[in-house]
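A quick write-up on the structure given underneath.
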Amino acid sequence: MAVDYVLEDLMGKLGEFGKYQFLQFFLQVLSALTAGLHMLSLVTVAAVPEHRCFIEGIDNGTFSQVPWNTSDILAAIPLKDNGELDSCHMYDPLDNRTIVTCTQYVYDNTYYKDSRTIDWNFVCDRRWLGAIVQTVYMLGVFTGAVTLGGLADKVGRKTVFCWSALLQLIIGVGVAFIPEYFSFMAARFVLGIVGSAGAYICGFVLTMELVGPTKRTVCGITFQAVFAGGIMLVAGWGALIHNRQLLQVVYGLHGCLFLGHWWWLDESPRWLWMQGRAAEAVDIVAKGLRINGSGIPIDKDYFVQKAKQQSAMEEKSSAGLKDLFRTPNLRMKTLNVCLCWFANSIVYYGLSLSAGKLYGNPYLILFIMGLVEFPSYLTIVFILDRLGRRSITSTLMLGGGLCCIIAAFIAQGSTTSTSVVMLGKLLIAGSFAVIYNYSAELFPTVVRNSAMGLGSMCARLSGALTPLITLLDSFDPKIPAVLFGVVAIGSGFWVMFLPETMNQPMPESIEDGENFGKGDTWFSQCAGRKPRQNSIFDDPEQTVPLKKIESGK
């Protein structure tokens, strides 16, 4: 079928962004704050402080008060090539010419007084045990993105959002009191499912399906900015609270922000309409009109009747994840977007982990790492609806990938290297923000949440792989950064073959998604060729004013 003109007429009555949309958007965007917070909470809760071997006769506890540059310490611990103390080795007390590995550790408590790493000694040859907890969390987000995304398309966005938010509160607080490693890791996995997948993706889709086309950009970018705000919140609470158990409890208690959502948050009218629940969709729109104070009358019987007529003419089917790959055009767009999510994530985390190390207060550094994304988001808000999604996404990814490759051939730690890395992070943060909007607009309503979940799944998969890829620097320090750059450049080029969605109606059915944007590529646009006719066109009945139809009854 064509894009549902009756549904578009119904949603159009709400306007682009009134008081009702603002209130709903505020409830939805809170999910981005907690998603960013939980994503990087281990940076403080399981922080890895500076450490060295415990020296018998000199040290007397986990946090020694002996300065690390005294002659006794320098005589007991070898130096690395850069002049720093070896954090994992010491001279054998019985043979000062032999270097042995540490059996106990002393930690620098300048910034970190307590952490899971200190409790479990996850340093040196045991450091991988701490790193794998973050990987498991990302795998949880990976799992939640694909399973809860599809579930939300079947049972509703609001249902999945609210249950995910409740579990996020319970597990976010409860994980602070788990003393055993594998149980802690399992809880982090579940927290990844509900904390950074269930609520966040559903909240984003609810926003995209409620606001008008001209406001999707600002709302979508705001989600990314609030996510960065969550990262900054991790740094702020970490600097104030030095007990890792209390700190995790405070992080988890942010789930209280969602306690009223079951009563205040509304289901997506678009989703209700596509599920054959037109009466509920009309009631929500009528509620929105009252809150907006627009005074526009709405004929519920007319819209319900039209929905039944359309439903009778259509074959009932349950769309799901597999429908994204069933038809050729939709399949190609799905694969393209999946690679785009994968590439954006791998470069974002790759730049953060592999280049341009910063020294100083770790809380301040983490705060700046979140803050540095805001200039990119502000710029995107002003240019996205002028230049379009396709050209901006492609350009930013090509630029970010190029920065990765350039940074690989510049001395690490230098001012130039740091500047290139920060520029790359700005570019990738921008393209990462755009791809959320772009994905939501490319795919039809019946599988939009599934598509967003699949894209997020690909991003979390690359996020989980990034720490493993960085290990390749043992062969050549340039390999990880060059690999990240090549992936980004390849994906940025392929994005040129996606259709532009700026100011276009959102497709509703699978047929809409297949026909949308056929023949519309960056190359055809440059050549001056017009894309083939979309499935988006006006129905003849749409030319008849609604008031005349109503008055003729």
Side-chain angles (χ1 to χ4, degrees), residues 23-42 45 133 136-178 183-210 223 226-227 229-231 233-234 237 245-268 271-272 275 277 280 284 448-450 452-453 456-457 460:
L23 294 173
Q24 290 294 306
F25 173 66
F26 177 77
L27 296 174
Q28 294 152 4
V29 80
L30 290 175
S31 62
L33 184 74
T34 58
L37 188 150
H38 289 302
M39 185 71 74
L40 290 185
S41 61
L42 284 181
V45 173
V133 176
V136 166
Y137 179 86
M138 297 296 286
L139 292 176
V141 182
F142 171 98
T143 303
V146 65
T147 57
L148 297 186
L151 183 64
D153 281 329
K154 297 183 183 300
V155 303
R157 285 81 159 108
K158 176 183 175 179
T159 301
V160 174
F161 183 106
C162 291
W163 278 106
S164 296
L166 178 61
L167 291 173
Q168 181 185 137
L169 171 62
I170 296 171
I171 299 172
V173 173
V175 72
F177 303 98
I178 298 178
S183 300
F184 175 75
M185 190 163 55
R188 289 286 303 178
F189 177 79
V190 178
L191 186 59
I193 294 177
V194 298
S196 292
Y200 181 66
I201 294 176
C202 289
F204 187 87
V205 171
L206 279 166
T207 293
M208 292 296 104
E209 293 183 345
L210 184 64
F223 258 84
V226 174
F227 183 93
I231 296 175
L233 203 56
V234 171
W237 283 119
Q245 194 171 66
L246 177 59
L247 181 59
Q248 179 60 58
V249 169
V250 170
Y251 289 157
L253 286 175
H254 284 75
C256 292
L257 294 171
F258 305 111
L259 289 179
H261 277 53
W262 185 260
W263 297 276
W264 301 331
L265 184 69
D266 289 330
E267 182 57 88
S268 166
W271 181 82
L272 289 170
Q275 298 299 310
R277 296 161 62 179
E280 296 174 62
I284 290 175
R448 184 169 297 122
N449 224 93
S450 296
M452 294 292 293
S456 182
M457 178 192 73
R460 305 319 158 197

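Hydrogens, waters and symmetry mates play no part in the numbers below; they use all other heavy atoms, side chains included.
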| note | CZ (Phe223) and CG (Leu30) are apart, to the nearest 0.5 Å, by 9.0 Å
| request: Could you pull out the closest heavy-atom pair between Gly203 and Ser31, with the gap in Å? | output: CA-OG, 4.2 Å
| query | So do Met39 and Phe227 actually touch side chain to side chain, heavy atoms under 4.5 Å? | reply | yes
| field | Rounded distance (nearest 0.5 Å) linking atom CD1 of Ile193 with atom OG of Ser164 | value | 9.5 Å
| Which pair of heavy atoms, one from Ile178 and one from Ala187, lies closest together, and at what distance? | CD1-CB, 3.6 Å
| request: To the nearest 0.5 Å, tell me how far Ser268 OG sits from Met208 CE. | output: 11.5 Å
| message | Please report the interatomic distance CG(Leu37) to CG(Leu233), rounded to the nearest 0.5 Å. | response | 5.5 Å
| said: So does Val175 get a backbone contact from the side chain of Gln248, meaning a donor-acceptor N/O pair under 3.5 Å? | reply: no
| Neighbour count >12 (heavy atoms, 6.0 Å) for atom CH2, Trp262 | yes
| message | Quick one, Leu169 and Cys256 - any side-chain contact, counting heavy atoms below 4.5 Å? | response | yes
| said: A side-chain contact here means heavy atoms from C-beta on lying under 4.5 Å apart; do Leu257 and Leu33 qualify? | reply: yes
| Residues Arg157 and Glu209 bridged, charged N to O under 4.0 Å | yes
| Within-4.5 Å side-chain heavy-atom neighbours: Val249 and Phe177 | yes
| said: Pair Thr143, Phe189 - check side chain to side chain contact (heavy atoms under 4.5 Å, CB included), show working. | reply: CA-CA 9 Å; Thr143 303; Phe189 177 79; 3.5 Å; yes
| query | Leu148 and Gly198: which non-hydrogen atoms are nearest, and at how many Å? | reply | CD1-CA, 3.5 Å
| Test item: Leu167 and Val190 side chains (from C-beta on) under 4.5 Å apart, heavy atoms | no
| said: Nearest 0.5 angstrom please: Tyr200 OH to Gln168 CD, how far? | reply: 13.0 Å
| query | Leu166 versus Phe258: any side-chain heavy-atom pair under 4.5 Å? | reply | no
| said: Could you check whether any side-chain heavy atom of His261 comes within less than 4.5 Å of a side-chain heavy atom of Gln28, counting everything from C-beta outward? | reply: no
| query | Under the criterion side chain to side chain contact (heavy atoms under 4.5 Å, CB included), which of Val29, Leu265, Ile201 is the partner of Leu206? | reply | Leu265
| So, for His38 and Tyr251, is the gap between ring centers shorter than 6.0 Å? | no
| What are the two closest non-hydrogen atoms of Trp271 and Gly156, and how far apart are they? | CZ2-N, 3.3 Å
| message | Could you measure the distance from the CD1 atom of Ile284 to the CG atom of Leu210? Nearest 0.5 Å is fine. | response | 9.0 Å
| For the residue pair Val133 and Phe184, what are the closest heavy atoms and their distance? | CG1-CE2, 3.7 Å
| task | Please determine, by modelled atom types, if Ser41 and Arg188 share a side-chain donor-acceptor pair under 3.5 angstrom. | result | yes
| query | So, is the end of the Lys158 side chain (NZ or CZ) under 6.0 Å from the ring centre of Trp163 and within 45° of the ring's axis? | reply | no
| If we only count heavy atoms from C-beta on, is the His254 to Trp237 side-chain gap below 4.5 Å? | yes
